[in-house]
Amino acid sequence: MTGFRTALIALLPLTAALPAPALFAQTPASTVPATTGFERRAAELPNLLEGRIAFADYFAPVFQQAVPEAQFKTIAANLVAQYGRPVAVVSTDAADARRGTVTLRFEKAVGTVALSVEAGPDRRVDGLRFQHFEVANDSFDRVAAEFAVLPGETGFLVAEIDGNRIAPLASAHADTPFAVGSTFKLYVLDELAAQIAAGKHRWDEVAPLSHLSFSSAATAGWPKNTPVTLQTLANWMISVSDNGAADTLIHLLGREAVEARMRAAGNSDPSRNIPFLTTVEAFALKGNNFAAERAAFLAGDDEAQRALIDANKGRLILENVDGGSFGGKPRFIDSLEWFASPQDVARALIDLKARGSEEAMAAMAINSGVGPIAAADWRYLGYKGGSELGVLSMSLLGQRKSDGKWFVVTASWNNPDGDAAAETINGLVTRLLALAAK
């Protein structure tokens, strides 16, 4: 629900940012001796992805702990489904004997992979990241066709923006509202920047971390009421999608103020997001502990829903979230979520950009959402994603290096019957971004 899943295609974070190789380039001479651990493990990548090398033999314990074998097999299968079988290692570019990048040819694309190996004698892999894919003869139509066959419902928009004008380059179901998970935090950031511009708050203002939440990447385990600046809360909320930071800001700014900002930013169906739920309220209502309250909430209009939230504000808290409820199939993603169409997200990003806040723009740029190679064509790239079981959303605001023009790339995938593969939507959105860069 809240925070784009860290696995994605990036299995463990690496920071290598090397130039993208030409598509289907000839194999250059190796840059390091084939006896290095990096070179040996790079050569084994095709066999690994096709299951011909044992998971435990290839990956170090630290990797196995972060990415279980079943999860890796699912990711590998989704990559093969999207790009075809891995054919061969085209080239390697080593930073040293333990780390570097690998150019890996698939049947339909060439991928750039950052890889590192441990220092021990086995030289098992402790970091692996699929950074970028280049698809031969790619086009918006090809990407749209691949979106269309995904289970559930999908929509996307690629558009040049100029002031308030949205000029679509490609789209599908761009006016359809989707559950977008943590993408809702763009509205919170927008209202924070607006209140700071109005003199109600300051970026360096210190506030208590007043509302802890489930699945918080930065604030998990932190003592309640820890003092932090508003800029820190904004950076956490956007870059790692921290839920405690988001909920603290919603309560600080005022739920109704965020709702008003959402309307002003042009959300096409604001009632679906009113009352504007905090993450812990959404988690609690989705869980088994609050089945009666959930039924009443879903049956009520905006006013009745707001009254229910207010009446239960002392109960809809982290301590009462039933974490065991979240597994198996998606839960209530068509009714207990935050909703926006691709056009709505584009309008929210336009509103944020027009706010003229260096701090808000910087918060979105901390995590670009795509690998460094995909980001290389952009002078500025801001990102917000969202996810929960059955929900994936990725949205980017970028200024193109070549001409300074601004673009929005946003996509959502809702699958009420099962999970949505993060690596699949990441690959598709990365391709849309690459096409927009051209």
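Computed from a prediction, not measured in an experiment: that's the story for all the values here.
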A.B. asks: Quick one: side-chain contact (heavy atoms from CB on, under 4.5 Å) partners of D301, sequence neighbours excluded?
C.D. replies: E303, A304

A.B. asks: Taking everything shown except E153 itself, do over 12 heavy atoms lie less than 6.0 Å from its CD?
C.D. replies: no

A.B. asks: Using modelled atom types and a 3.5 Å cut-off, is there a donor and acceptor pairing between side-chain atoms of D322 and backbone atoms of G287?
C.D. replies: no

A.B. asks: How about NE2 on H173, more than 12 heavy atoms from neighbouring residues, nucleotides or ligands closer than 6.0 Å, or not?
C.D. replies: no

A.B. asks: I want to know whether F290 and F297 have ring centres closer than 6.0 Å.
C.D. replies: no

A.B. asks: Give a yes or no on this: more than 12 heavy atoms of other residues, nucleotides or ligands lie within 6.0 Å of atom NZ of K401.
C.D. replies: yes

A.B. asks: Hey, is the main chain of A422 close enough, under 3.5 Å, to the side chain of W413 for a donor-acceptor pair?
C.D. replies: no

A.B. asks: Can you list everything that forms a side chain to side chain donor-acceptor pair (under 3.5 Å) with D138? Sequence neighbours excluded, please.
C.D. replies: R431

A.B. asks: Could R355 and D351 be called an ion pair, given the rule that one side-chain N must be under 4.0 Å from one carboxylate O?
C.D. replies: yes

A.B. asks: Where the side chain of Y58 meets the backbone of R41, is there a donor-acceptor pair that is under 3.5 Å apart?
C.D. replies: yes

A.B. asks: What I want to find out is whether E146 reaches K108 closely enough, with some N-O distance under 4.0 Å, to be called a salt bridge.
C.D. replies: no

A.B. asks: Is the side chain of Q195 donor-acceptor paired with the backbone N or O of L253 at a distance under 3.5 Å, no angle test?
C.D. replies: yes

A.B. asks: Say whether, by atom type as modelled, one donor and one acceptor occur between the side chain of Q305 and the main chain of L298 under 3.5 angstrom.
C.D. replies: no

A.B. asks: Could you check whether the rings of F283 and F326 sit parallel, tilted or perpendicular, using 30° and 60° as the cut-offs?
C.D. replies: perpendicular

A.B. asks: Do any N or O atoms from the side chain of N267 and from the backbone of M262 form a donor-acceptor pair under 3.5 angstrom?
C.D. replies: no

A.B. asks: Spell out, as yes or no, whether a donor-acceptor pair under 3.5 Å connects the side chain of D242 to the backbone of A218.
C.D. replies: yes

A.B. asks: Please find the pair of heavy atoms, one from G323 and one from F214, that lie closest to each other, and give the distance.
C.D. replies: CA-CZ, 4.0 Å

A.B. asks: Does T219 use its side chain to pair, donor to acceptor, with the backbone of S216 at less than 3.5 Å?
C.D. replies: no

A.B. asks: Which atom names give the shortest non-hydrogen contact between F407 and I161, and what distance separates them?
C.D. replies: N-CG1, 4.2 Å

A.B. asks: State, to 0.1 Å, how close R272 and D334 come at their nearest heavy-atom pair, and which atoms those are.
C.D. replies: NH2-O, 3.0 Å

A.B. asks: Using 30° and 60° as the class boundaries, would you call the ring planes of F63 and F72 parallel, tilted or perpendicular?
C.D. replies: perpendicular

A.B. asks: Checking side-chain hydrogen bond (donor to acceptor under 3.5 Å, both in side chains) for the pair S241/K384: CA distance, chi angles, key distance, verdict?
C.D. replies: CA-CA 8 Å; S241 211; K384 188 72 199 80; 2.9 Å; yes

A.B. asks: Does the pair T183 and S395 meet the rule for a side-chain hydrogen bond (donor to acceptor under 3.5 Å, both in side chains), with working shown?
C.D. replies: CA-CA 8 Å; T183 303; S395 299; 4.7 Å; no

A.B. asks: Is the shortest side-chain N to carboxylate O distance from E259 to R255 below 4.0 Å?
C.D. replies: no

A.B. asks: Write down the atom of V80, the atom of P86, and the distance for their closest heavy-atom approach.
C.D. replies: CG2-CD, 4.1 Å

A.B. asks: Please list, chain by chain and in numerical order, all residues satisfying side-chain contact (heavy atoms from CB on, under 4.5 Å) with A174, sequence neighbours excluded.
C.D. replies: L157, S171, P342, Q343

A.B. asks: I'd like to know whether CG of N164 has more than 12 heavy-atom contacts from other residues, nucleotides or ligands below 6.0 angstrom.
C.D. replies: no

A.B. asks: Taking all non-hydrogen atoms of both residues into account, name the closest pair between W203 and T229 and its distance.
C.D. replies: O-CB, 3.8 Å

A.B. asks: Charged N to carboxylate O below 4.0 Å: is that the case for R347 and D344?
C.D. replies: yes

A.B. asks: If you apply the rule side-chain hydrogen bond (donor to acceptor under 3.5 Å, both in side chains), what do you find for Y187 with N273, and how did you get there?
C.D. replies: CA-CA 11 Å; Y187 293 120; N273 300 317; 5.8 Å; no

